[in-house]
Every structure is written in structure tokens, then in C-alpha cells.
Amino acid sequence: MMQAKTKLASIKGIERKPKLSPPKNSHPTLESSITKAKKNNHIRIILKVVALLLPLVAAVNTLRSYGVIDNTVGEYDEVFGNDLIVQPPIRAAHTMVKNNSDSNCLFQHSSLYRSIYVYEHPSQGPDSMKAYPDKNATFDPWPWIAWNEKSKEGRWAHYVLGGQADQFTLEIILNDLFTHPGSCLRSFDPKSAKLFFVPFLHSVAGHQGKVFQADFSTTPHAKAMLDASDGNYTNWKEVWGLTDEYWARRDGADHIVVQSEPCHGFTHPRMKRGSHHYVYTQKMLSAPIVVNVEISQTFRNMYPKCAAKNIVSPYPNPDGRNFNGGFDDLVSETLKSRQITLSSSREISQPSTNSSHMMHYSAGNHGECRKLRSALKTDFECSNSKPFFDQFKKLNYPLLMRMATFCPCPGGDSPSAKRMYDAVIMGCIPVILSQDFVWGLSTEYDPDMILNPNDYSIRLNSSNFDMPHYEKGKCSTRTIGFDTKPLEEYLLQNVNKSEIQRLQSNLIDVGRKYSFYRVNQTRPDELLRLGHLPDGEASFEIVRALEQRVDGTH
């Protein structure tokens, strides 16, 4: 890998620059040399050879910028997945005409191939996209750009490896997906584009490098987005500085907006729950296609067409140790002296149905379901599984999930929580204890999706477990008056071995479906910070869902 980096660093067109700019084609020194060379045959011959070679060198650089090394994912990563900045080809090259340089593109066969226009700041985009091209108007830099660069450089907030804010990185991942040269989704021609992506990183801007939301104000850019979603484009032109031509032609029905957090969006109201966020904070009833991490069963039942119009994504998990075998190696090393082993193939597998580590639960007592979370914690303290997991208190909770068979998943501050998807990726059967939770990329909100949650998860009535079955600190004393058993006991008695094996077997495929990056042993841990192409199956599922929504009739 180091050799590849060394070679790439010497190639023209790959530079360590913080900002990209199109390559220039003028060669004034060459032209003046040709004029003088008319008097010298030897110089004339040399110049002709150079003139013939220059287009070839340019073509090679373009091929390299697209990653045309070979057809392996590993070579993709060597070209695009490090901290080197790849010089983009000139805008004229980004057309709907397929060429040989696209043969390695991730979405070369998609109907959205070079068909998603990504809005740019008016100082960087073409004049045709400016709201006032004839005026020398200046617009403030988009604030999230600076915060994103600072956070990336300092490893803050969304870029902390395994940090709490990495669950809110959907906006960064999709921005990488649509703009990365290796995806071939981006178009630079708005007239031929089928969809338009608004690169508003409002989670990054709101966190301002911190783990939790730092700015609760409605920013001018967010207010402009709220207005545009309602058909008023004045602030879109005045604040964003961009033309409203493409918003207005279909009321934004061909525009993609990302909402990375379930309780935040264009606004940040405190103490609001339920459908308020979907309707007012994130504008899911408006025309644009909203790609978000959550809707509720209640919202889906109230607004079935709007629920299906939008796309519910899994919470991202950008930690490269999920995909390069790092977590497997750590767990295997920890358990090497025991008779519990994990697959060496880096794929998701389960140790066994041993009742000593059937279930693992670890969660803070917060959100709308404090009562349920408190009861689950009390009962887990008295479970048969607890002594086993007490041996590994230094491991973080995803690794403990990796050792367990069942993982209870209550809701968080809203019906969903990242733990639902962490459990899937870690191969632990999710036990959903959130009545309003809806699985992303599933048939629970869109019949055209391919994932059926009954194939990889268990859903139970949370009211049966929202009171502790044991007195706190007294595991020998059972609480009187319960018709149900503690969760671990219930699972042992009601889920047979063949059903466990069926669910675990399906989790292998679903874990890939919910991953934005493919398994690859050569990947670094910090995939997001190093700008790796999101080449996982979750990316393909979202692009497929976008393909179905191009005409606005889904």
C-alpha cells in the first residue's frame, strides 16, 4: 500500500491540495517553442513528438483519476481511498456519454449514471447556476464546509473513530457517494440531470465539532431550505445564491435532501417528539426526496404515500474495523483460550446458542423509554448471561454484541437507535422493543424494498418488559404479579434452535445490506475521514431506491 501511495504521489494530477480545480489545457511555452523551431529540423522533430505525447499523458492521468487500474475493489481503495486529493477531469468530460475511463465506475450500469447534479457554492459553480449571474454578488461560505474540514482534521465529533456522533454521518457518506469520482453518479450538466442533491451538512454545522448539538438556532440556509420545500424560493436565491430554475420546475420533487438525525433537521426544537420532527423539522410531507434514518409506524400509517416517497436509511457505521476484520481479530484474541471461536473469513458469524452468553444488554437510561431501559438493565444484572460478559468490561458494546446471540433494542430519544443496526452488523439477533420503530431499506415502509424484518429480527411487545422482574440488587427475589418472564428467560423458552440458526444465517446477508462499505482486509479504520468511496450494499440500495423515484410517481 505504501508503494502505491508513493507512486501515485508522483503522478501528475494527484496533489496534496485542500481545494480542487480543473486542469488547464494551455501551453504557451510550447506554442512559442514551435514558432522558433521552424528554423531547426531537429527541434521541430522533438516538438512534434512531445505534442503527440501530451494527449496520451493527459488520457493516462484521466484514467488514473477514475481508478482504472484493474477491476478489484482493493485497487479502487488504493487510488481513491487515501488522503491524496485526486485532480478531477474537466467539466466537459462529465456527460452522459460513457467512455473507457468509466469502466471501473461503481454505478456505470445505473440509470443514474452521471445524472445527479450536486449544487455548488456560487463562487465555484457555473454562471448558469447563479441566482444573479449579471451582478457581482458575493455570498458567505457555507459554514458546514469549514466545520467539516476542521472536524475531519481534528478527528472531532463525526470523525471520532467509534464515537457517539458517527451515527449521524449519513449526510457525509451520501455526499461522498454522489461526488466521489469512483461512483460516476455526478453530473455537471443540470439540464440533463435527473436528480439534484443539496449538500447541506446540517448535523456537521449544528455540532460544530462537538459530540452533541451545539447550535440550536435555525440558520439562514436552513430557513431557505424550509421555504424552498414549501415552494418559496426567495431565500434560496438570496442566501444560497443559486438559481431556483430547477427547484421550481417540479416543486423540488427531483431534489435529494438528507436528514441525518431523528430529532434534528432544518430546525432544532427541544422536547418535541412523535411526528413533529418528520412533518415540521425535516419536511417529509413536502415534494423533495428525503433520505433519513427514521420514520415511525404511526407516521407511515398516517401518511403512507409520503412515507414511501422518502427513503429510510440504516444508521451508518463508518468504523473500518467492522470491514477490515479488526473487531473479529480483537474478539478472537480475547476468546482464544476459550472454546468459542469466530469465523476467520471476516464474515459475520455467531459463536453458538450457549445459554451462558445468550443475551447482552448495555444502554444508558435516557430517552422516551427510561422505564423500559431501567427494567431491562435490572433484569440483565440477574441474567445467566451477565457473569460471562462481566469478564470483558473493557470491550465496547459492539464487541460484546459480537459475542451474544440476542441483543435487546429499545428505542432511544425517538423510536429508533443506532444499536438496532449495530446488532445486525455484529451478527446479533435484534430483539426490537420499540413499537413505533421502522427498519430502514425494508418492506415496513416501502413494499418495493427487498428486506423483510421477520427474516432477521424479533419484535416483542415492550409493555411486557417495562417493569423489572427482579428487585434491584436482589436477584434471588422475583417481583410478584408478572404473567411474563424476564427477557432472557422468555427468549430461551420461546425461540428454538432452528429459528435462531435461520435468523443468524439471514443476518450475514442483511449485515452487508446495511453496510455502506464492503468487507476488505486492506481498508484502514478511518474510512470516513480518509474519504473512501462508500461502495457497500447500502449505497447500492439507496441508489436503487432513487432510481425508482426519478419520475416522482413512487
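Here, residue 1 is the first one in the sequence, and each next residue gets the next number.
- Side-chain contact annotation: Q435 with S462, donor-acceptor N/O pair under 3.5 Å absent.
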> So V550 and L195, side-chain contact (heavy atoms from CB on, under 4.5 Å) or not? Walk me through it.
Replying inline: CA-CA 7 Å; V550 165; L195 294 173; 4.2 Å; yes

>> Show, in sequence, the C-alpha distance, side-chain angles and deciding distance for N452 and S442, and conclude whether the side-chain contact (heavy atoms from CB on, under 4.5 Å) test is met.
In response: CA-CA 6 Å; N452 184 343; S442 79; over 6 Å; no

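- Residues satisfying the side chain to side chain donor-acceptor pair (under 3.5 Å) test with Y456, not counting sequence neighbours, are Y514.
- With sequence neighbours left out, E444 forms a salt bridge (charged side-chain N to carboxylate O under 4.0 Å, His left out) with R459.
- No side-chain donor-acceptor contact under 3.5 Å links T378 and Y470.
- Sorted by first and then second residue, the ring pair (Phe, Tyr, Trp, His ring centres under 6.0 Å) pairs with a member in residues 147-167 read H158-H207; sequence neighbours excluded.
- Taking N461 as the reference, S463 meet the side chain to side chain donor-acceptor pair (under 3.5 Å) condition, with sequence neighbours excluded.
- Legend: residues meeting salt bridge (charged side-chain N to carboxylate O under 4.0 Å, His left out) with E547, ordered by chain and number and at least two apart, are absent.
- Between D379 and K472, no side-chain nitrogen of the basic residue sits less than 4.0 Å from a carboxylate oxygen of the acidic one, so the salt-bridge criterion is not met.
- Residues meeting the ring pair (Phe, Tyr, Trp, His ring centres under 6.0 Å) test with F437, sequence neighbours left out: W439.
- Residues satisfying the side chain to side chain contact (heavy atoms under 4.5 Å, CB included) criterion with L503, sequence neighbours excluded, are I429, I458, E499.
- A side-chain contact (heavy atoms from CB on, under 4.5 Å) with C409 holds for exactly one of V431, L376, I432, V424; it is I432.
- In this view, E537 and R512, K513 satisfy the salt bridge (charged side-chain N to carboxylate O under 4.0 Å, His left out) rule, not counting sequence neighbours.
- In this model, a donor atom of one side chain and an acceptor atom of the other lie less than 3.5 Å apart for S414 and E294.
- Between F107 and Y113, the gap from one ring centroid to the other reaches at least 6.0 Å.
- Stacking of R523 on the aromatic ring of Y517 is not recorded, the 6.0 Å distance cut-off and the 45° axial limit not both being met.
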Contacts table for residues 161-169: side-chain donor-acceptor under 3.5 angstrom, sequence neighbours left out:
unit_1 : atom_1 : unit_2 : atom_2 : d
Q167   : NE2    : Q164   : O      : 2.9
T169   : OG1    : D166   : O      : 2.8

>> As a quick check of understanding, evaluate salt bridge (Lys or Arg N to Asp or Glu O under 4.0 Å) for D455 and R502, giving each step before the final call.
In response: CA-CA 8 Å; D455 293 334; R502 181 186 76 86; 3.5 Å; yes

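- Qualifying side chain to side chain donor-acceptor pair (under 3.5 Å) partners for T281, counting only residues two or more places apart in sequence or in other chains: H277.
- Salt bridge status for D446 with R549: present, with a side-chain N to carboxylate O gap under 4.0 Å.
- Checked for salt-bridge contact, E333 and K336 meet the test: a charged N lies under 4.0 Å from a carboxylate O.
- By the salt bridge (charged side-chain N to carboxylate O under 4.0 Å, His left out) test, K283 is found to be paired with D230, residues two or more places apart in sequence or in another chain being considered.
- Remark: D328 engages R402 in a salt bridge, criterion side-chain N to carboxylate O under 4.0 Å.
- For T179, the side chain to side chain contact (heavy atoms under 4.5 Å, CB included) partners are V118, N175, R186, not counting sequence neighbours.
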